[in-house]
Amino acid sequence: MKRETVIVLDFGGQYNQLIARRVRECNVYCEIYSYRTPLEQIRAMQPKGIIFTGGPNSCYLPDAPTYSKEIFELGVPVLGICYGSQLMMHLLGGTVEKAPVREYGKIEVTVDCSSKLFTDVSEKTICWMSHNDYIAKLAPGFAASAHTDNCPYAAMENVEKNLYATQFHPEVLHTKEGQKMLSNFVFRICGCSGDWKMDSFVEQSIRSIREKVGKGKVLCALSGGVDSSVAAVLMAKAVGEQLTCVFVDHGLLRKNEGDEVEAVFGPDGPYNLHFIRVNAQQRFYDKLAGVSEPEHKRKIIGEEFIRVFEEEAKKIGTVDFLVQGTIYPDVVESGVGGESTVIKSHHNVGGLPDHVDFKEIIEPLRDLFKDEVRRAGLELGIPDYLVFRQPFPGPGLGIRIIGEITAEKVRMVQDADAIWREEIARAGWDKKVNQYFAALTNMRSVGVMGDERTYDYVIALRAVTTTDFMTAESAEIPWEVIGRATSRIVNEVRHVNRVLYDCTGKPPGTIEWE
Ligand code: GLN
């Protein structure tokens, strides 16, 4: 069965992934492709609709990203957003030039006519703008459908040809009725039916994994994080005992986390798979002794992880498939999908093992955004506390202990972190903040306890709110919650005598400390 697909054609915009996510929130499958993708390839995919993204360039300059104008002749509806709208006008005979007044931020847009794109949208509606150029003259056959004080063509359309364009960004949450507009585009203009649902994704994946794997053996590295857990369960449901999951406890996990993972995936858990837990704590501590530079620590942890995993894999012998928890943003960011130049290694633990014998990699979550991974997890019956787990870095507590790592310091940060999480949850703040944890600073300070001088460690508490983890704000946790956590930490965690709260946003800080 062919699922209906909307294609995002990426011209280097910063919100390309956001557009695809918003479309998928309408239950319509959506994929991102670079503007360098040949027209034939696009045609062959038989998309229900095409969306041109924004982009940093000016479309009238010589080297600006462009596309063959035949794309407008495919009979597939096109929506151009910002740069995409300008390019559409430019290619079809309109005029784009530097705007007399650039617009940036939330701007009131007035809808001028009844348009399918604006069905059920208010006549005056707040939209997000970010442009230096503007459309000075429409291409022939187009009519204006919205304007702002400084922008005569905030939206335009050629109804007959199914071509639509907006100077503003409907995909950004600041555009109040943006989701409605995108939903109008995919349903009213592209005629999608909305067949992208998680239950059918799960069902279809299980079927196609079975087909692919046959009687083969599958190996999966389980970290206990959301992606690898969901991938593992999906594989387990598909191929059962043909799957072996190796869980490396590197001694840098949160308090009790190793046991929690084992409870779910181990022999007493609900799934039928081979589970191997490797308790490699001491090995990691030995390697990390005396190392304090963050990047160096990350490297050691990543490499050692692979070594341990390889050793276990050797015991198992040749496998046919290796499972990776790659998700769609990793694919896009590694430059395969859209136009993004950010190349980041997208493996949870910093690379593929060199010495594991396998024929092929399976990436069962490759098409999913994070929120979809979570929904698939729920669909698969994975417990909430695993599905909604906070982001946790691969090197784990190794980068929440500033400076050198020792077993003793791991204990301190684990205990302090557990208390902080408990108090945040008790106060009902766990739903209001997106990430919160304790870090152990490399600083000791003088204190007094029981009339005696102490010279002990300083814990920093962190809690941030964010929607995308690219930017974040320090959360205004009530003083009494911080106070309660502080007094418990200094009382219950040996060798900690002082607690600080991190008030720094991102930027200029990062969410993690190292
Ligand atoms: N670079 C174009 C402009 O400044 C488009 C900007 C955008 O797509 N956000 O108008």
Side-chain angles (χ1 to χ4, degrees), residues 6-23 30 32-37 49-67 69 71-72 78-109 117 125-139 142 144-157 163-179 181-182 185 332 337-342 468 470-471:
V6 166
I7 286 176
V8 168
L9 208 54
D10 185 3
F11 290 92
Q14 19 169 356
Y15 306 123
N16 54 10
Q17 291 195 33
L18 216 45
I19 302 174
R21 265 180 58 189
R22 298 276 172 262
V23 170
C30 183
I32 305 165
Y33 289 91
S34 159
Y35 71 91
R36 293 188 176 88
T37 310
I50 298 168
I51 301 177
F52 284 15
T53 72
N57 303 72
S58 287
C59 65
Y60 47 81
L61 293 180
D63 290 327
T66 184
Y67 207 79
K69 73 178 185 200
I71 195 162
F72 304 116
V78 181
L79 172 65
I81 295 175
C82 204
Y83 183 83
S85 71
Q86 298 167 357
L87 183 66
M88 186 189 284
M89 290 306 108
H90 177 71
L91 289 171
L92 293 172
T95 312
V96 178
E97 54 196 39
K98 189 151 199 66
V101 184
R102 66 185 278 264
E103 290 177 304
Y104 184 81
K106 294 181 191 172
I107 311 259
E108 187 180 78
V109 168
L117 193 63
T125 185
I126 298 295
C127 295
W128 179 258
M129 288 280 199
S130 168
H131 64 121
N132 299 307
D133 297 331
Y134 85 142
I135 293 154
K137 196 173 125 263
L138 291 179
F142 278 80
S145 51
H147 72 274
T148 71
D149 287 348
N150 292 306
C151 181
Y153 307 120
M156 62 234 85
E157 59 193 44
L163 304 178
Y164 292 77
T166 63
Q167 179 60 71
F168 55 83
H169 289 272
E171 72 277 20
V172 176
L173 284 179
H174 300 304
T175 297
K176 254 179 89 188
E177 298 178 277
Q179 184 63 13
M181 298 170 197
L182 287 172
F185 178 69
V332 176
E339 203 29 50
S340 173
T341 44
V342 194
D468 51 13
M470 313 275 252
T471 60

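Read the numbers this way: they start at 1 and go in the same order the structure lists the ligands and their atoms. Just the heavy atoms: all of them, side chains too, but no hydrogens, waters or symmetry mates, feed the values below.
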Would you call the rings of Y164 and F185 parallel, tilted or perpendicular if under 30° counts as parallel and over 60° as perpendicular?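 Perpendicular: the ring planes of Y164 and F185 meet at over 60°.
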May I ask you to test the E103-Y134 pair for a side-chain heavy-atom distance under 4.5 Å?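 Of all side-chain heavy-atom pairs linking Y134 with E103, none is under 4.5 Å.
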When you check ligand 1 against the protein, what N or O pairs turn up below 3.5 Å? List the atom names and distances, or just say none.
{"residue": "ligand 1", "atom": "1 (N)", "partner": "G55", "partner atom": "O", "Å": "3.1"}
{"residue": "ligand 1", "atom": "1 (N)", "partner": "P56", "partner atom": "O", "Å": "3.3"}
{"residue": "ligand 1", "atom": "1 (N)", "partner": "N57", "partner atom": "O", "Å": "2.6"}
{"residue": "ligand 1", "atom": "4 (O)", "partner": "N132", "partner atom": "N", "Å": "2.8"}
{"residue": "ligand 1", "atom": "8 (O)", "partner": "G55", "partner atom": "N", "Å": "2.9"}
{"residue": "ligand 1", "atom": "8 (O)", "partner": "G55", "partner atom": "O", "Å": "3.2"}
{"residue": "ligand 1", "atom": "8 (O)", "partner": "Y83", "partner atom": "N", "Å": "3.0"}
{"residue": "ligand 1", "atom": "9 (N)", "partner": "S130", "partner atom": "O", "Å": "2.9"}
{"residue": "ligand 1", "atom": "9 (N)", "partner": "H169", "partner atom": "NE2", "Å": "3.4"}
{"residue": "ligand 1", "atom": "10 (O)", "partner": "Q86", "partner atom": "NE2", "Å": "3.0"}
{"residue": "ligand 1", "atom": "10 (O)", "partner": "N132", "partner atom": "N", "Å": "3.2"}
{"residue": "ligand 1", "atom": "10 (O)", "partner": "D133", "partner atom": "N", "Å": "2.9"}

Kindly give the heavy-atom pair with the smallest separation between A154 and V109, and that separation in Å.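 Shortest heavy-atom contact: CB-CG1, 4.3 Å.
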Y83 (side chain) donor-acceptor with G12 (main chain) under 3.5 angstrom: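 It does not hold such a pair.
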Apply side chain to side chain contact (heavy atoms under 4.5 Å, CB included) to residues I50 and F52 and explain how you reach the verdict. CA-CA 7 Å; I50 298 168; F52 284 15; 3.8 Å; yes
Please round to the nearest 0.5 Å and tell me the distance separating atom NZ of K176 and atom CD of E108.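 Result: 10.0 Å between the selected atoms.
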